[in-house]
Amino acid sequence: MEYQPKVRIRDAKVRSVEALIRWHHPEFGYVSPDRWIPQAEEAGVIYPVTLWVIERACSEYRHLTARYGNELAVAVNISATDLTHAGFEQDITDIITRHKLEAKDLILEITETAMMTDPEASRRMIHSLHRKGFRIAMDDFGTGHSSLGTLASFELDELKIDRSFLKGILDHPARQRVFRATLELGEALDLDVVVEGVEDEAVVHWLQQFPDLHGQGFFWGRPEPACP
């Protein structure tokens, strides 16, 4: 497991970290999640993988707060399968209870595509999780197919803007207008907004004009273990 910080851009303060599962095969070396996670979903084994990630992240929470601060939250990625699993809420509640954490210490990152796989079931599960105090983030916003009306119908705490929004943004005023409109949307819905894939210093300087924006990317740190 590795963790990548999400920071408040105006002062680079770490507010949360994203837990990222890593697989180092003894024969093939590092295997990208893009290769094996879809296969795990197709084989029907992604649910225990998700629970393992949450368990591991909770077990390493104390190490992470020692490094980044006591108000830290840990984000984990949730699949469409997890959202429709009848025991999901109870299973993750049991995990945080076992590690003496609170629901607010965990951010569940769900892509808009996953949410729209079964919108009604997703909405019910998200409502129940949110009511318990878990924080919900829509991941990779801008790459799926949900409407703005549908976005407003989910109970969310965080909106993660896909890295594709930053491509060529300094040279394209139209892209800048779209980006600003997306931030205004997040503000209107009272969401924390995080922009993904920030790597360039010039882009960071441009983003600093938005005082409440958060960022994630190699500029502030690559994913690394809880105990380096």
Side-chain angles (χ1 to χ4, degrees), residues 1-6 14-24 31 33-34 36-115 117-118 121-140 154-160 191-192 194 214 216 223-228:
M1 285 278 289
E2 294 181 342
Y3 301 87
Q4 186 174 37
K6 294 189 282 185
V14 177
R15 305 304 300 273
S16 61
V17 294
E18 181 179 358
L20 300 166
I21 190 169
R22 295 291 185 255
W23 181 17
H24 294 276
V31 183
D34 293 340
W36 66 267
I37 286 182
Q39 295 181 21
E41 291 178 332
E42 186 176 343
V45 297
I46 194 64
Y47 186 69
V49 172
T50 298
L51 295 185
W52 182 89
V53 170
I54 295 173
E55 183 87 47
R56 180 69 177 271
C58 289
S59 73
E60 297 184 325
Y61 182 79
R62 307 303 177 195
H63 296 294
L64 294 166
T65 55
R67 183 191 304 179
Y68 296 114
N70 290 328
E71 296 184 359
L72 189 77
V74 179
V76 295
N77 292 282
I78 305 301
S79 73
T81 301
D82 302 327
L83 278 180
T84 57
H85 194 286
F88 181 58
E89 181 181 341
Q90 187 59 54
D91 284 341
I92 63 173
T93 299
D94 290 344
I95 291 172
I96 64 169
T97 300
R98 186 159 55 247
H99 291 281
K100 297 180 172 56
L101 302 184
E102 299 180 47
K104 66 177 179 63
D105 298 326
L106 207 59
I107 301 173
L108 306 177
E109 293 194 2
I110 311 164
T111 66
E112 54 178 325
T113 301
M115 289 182 184
T117 300
D118 188 339
S122 297
R123 191 175 290 110
R124 288 193 298 270
M125 177 62 79
I126 288 171
H127 171 74
S128 185
L129 291 166
H130 200 263
R131 186 175 55 189
K132 272 203 166 182
F134 292 101
R135 295 164 63 182
I136 310 295
M138 178 177 279
D139 197 10
D140 296 340
F154 286 102
E155 295 175 75
L156 303 173
D157 301 281
E158 183 177 298
L159 187 67
K160 295 191 73 178
L191 305 177
D192 290 332
V194 181
H214 295 72
Q216 180 178 356
E224 58 184 18
C227 298

Before giving the answer on side-chain contact (heavy atoms from CB on, under 4.5 Å), spell out for Glu18 and Asn77 the whole-Å C-alpha distance, their side-chain angles and the decisive distance to 0.1 Å. CA-CA 8 Å; Glu18 181 179 358; Asn77 292 282; 3.0 Å; yes

Run the salt bridge (charged side-chain N to carboxylate O under 4.0 Å, His left out) test against Glu60 and tell me which residues pass, sequence neighbours left out.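 Partners of Glu60 under the salt bridge (charged side-chain N to carboxylate O under 4.0 Å, His left out) test: Arg56.
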
Counting distance only, does the side-chain N/O of Ser122 pair as donor-acceptor with the main-chain N or O of Met115 below 3.5 Å?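 Looks like yes, one N/O pair under 3.5 Å.
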
Does any N or O in the side chain of Asp157 come within less than 3.5 Å of the main-chain N or O of Ile136, such that one atom is a donor and the other an acceptor?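 Present.
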
So, for Ile95 and Leu51, which heavy atoms are closest and what is the spacing to 0.1 Å?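 Residues Ile95 and Leu51, closest heavy atoms: CD1-O, 3.8 Å.
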
Return the set of residues passing side-chain hydrogen bond (donor to acceptor under 3.5 Å, both in side chains) with [X] (not counting sequence neighbours), or none when no residue passes.
{"X": "Arg62", "answer": "none"}
{"X": "His99", "answer": "Glu55"}
{"X": "Asp118", "answer": "none"}
{"X": "Gln90", "answer": "Asp94"}

Verdict with supporting geometry, Glu109 and Lys6, salt bridge (charged side-chain N to carboxylate O under 4.0 Å, His left out): CA-CA 13 Å; Glu109 293 194 2; Lys6 294 189 282 185; 2.9 Å; yes

side-chain contact (heavy atoms from CB on, under 4.5 Å) partners for [X], two or more places apart:
{"X": "Arg124", "result": "Glu120, Ala121"}
{"X": "Glu41", "result": "Ile37, Ile46, Ser79"}
{"X": "Ala57", "result": "Met1, Tyr3, Ala19, Val74, Val76"}
{"X": "Thr111", "result": "Thr113, Ala114, Asp139, Asp140"}

Are Glu224 and Arg67 within salt-bridge range, i.e. N to O under 4.0 Å?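 Here Glu224 pairs with Arg67 in a salt bridge, since their nearest N and O are under 4.0 Å apart.
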
To the nearest 0.5 Å, what is the distance between [atom1] on [X] and [atom2] on [Y]?
{"X": "Met125", "Y": "Ile78", "atom1": "CE", "atom2": "CD1", "value": "10.0 Å"}
{"X": "Ile110", "Y": "Phe154", "atom1": "CD1", "atom2": "CZ", "value": "8.5 Å"}
{"X": "Thr50", "Y": "Leu108", "atom1": "OG1", "atom2": "CG", "value": "10.0 Å"}

Partner set under ring-ring contact (aromatic ring centres under 6.0 Å, His included) for Tyr47, not counting sequence neighbours: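 In terms of ring-ring contact (aromatic ring centres under 6.0 Å, His included), with neighbours along the sequence ignored, Tyr47 is linked to His85.
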
Scan residues 68-93 for pairs that pass salt bridge (Lys or Arg N to Asp or Glu O under 4.0 Å), counting only residues two or more places apart or in two chains.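 As it turns out, the salt bridge (Lys or Arg N to Asp or Glu O under 4.0 Å) pairs with a partner in residues 68-93, which skip direct neighbours, are Glu89-Lys132.
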
Can you list the steps and then say if Val194 with Leu159 is a side-chain contact (heavy atoms from CB on, under 4.5 Å)? CA-CA 6 Å; Val194 181; Leu159 187 67; over 6 Å; no

Mind running salt bridge (charged side-chain N to carboxylate O under 4.0 Å, His left out) on Glu158 and Arg15 for me, showing each step along the way? CA-CA 12 Å; Glu158 183 177 298; Arg15 305 304 300 273; over 6 Å; no

Would you say the side chain of [Y] lies within less than 4.5 Å of the side chain of [X], judging by non-hydrogen atoms?
{"X": "Arg22", "Y": "Leu20", "result": "yes"}
{"X": "Leu106", "Y": "Ile96", "result": "yes"}
{"X": "Lys160", "Y": "His214", "result": "no"}
{"X": "Leu129", "Y": "Ile92", "result": "yes"}
{"X": "Phe134", "Y": "Ile107", "result": "no"}

Sequence neighbours excluded - ring-ring contact (aromatic ring centres under 6.0 Å, His included) pairs with any residue from residues 58-83: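 Of all non-adjacent pairs touching residues 58-83, none passes ring-ring contact (aromatic ring centres under 6.0 Å, His included).
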
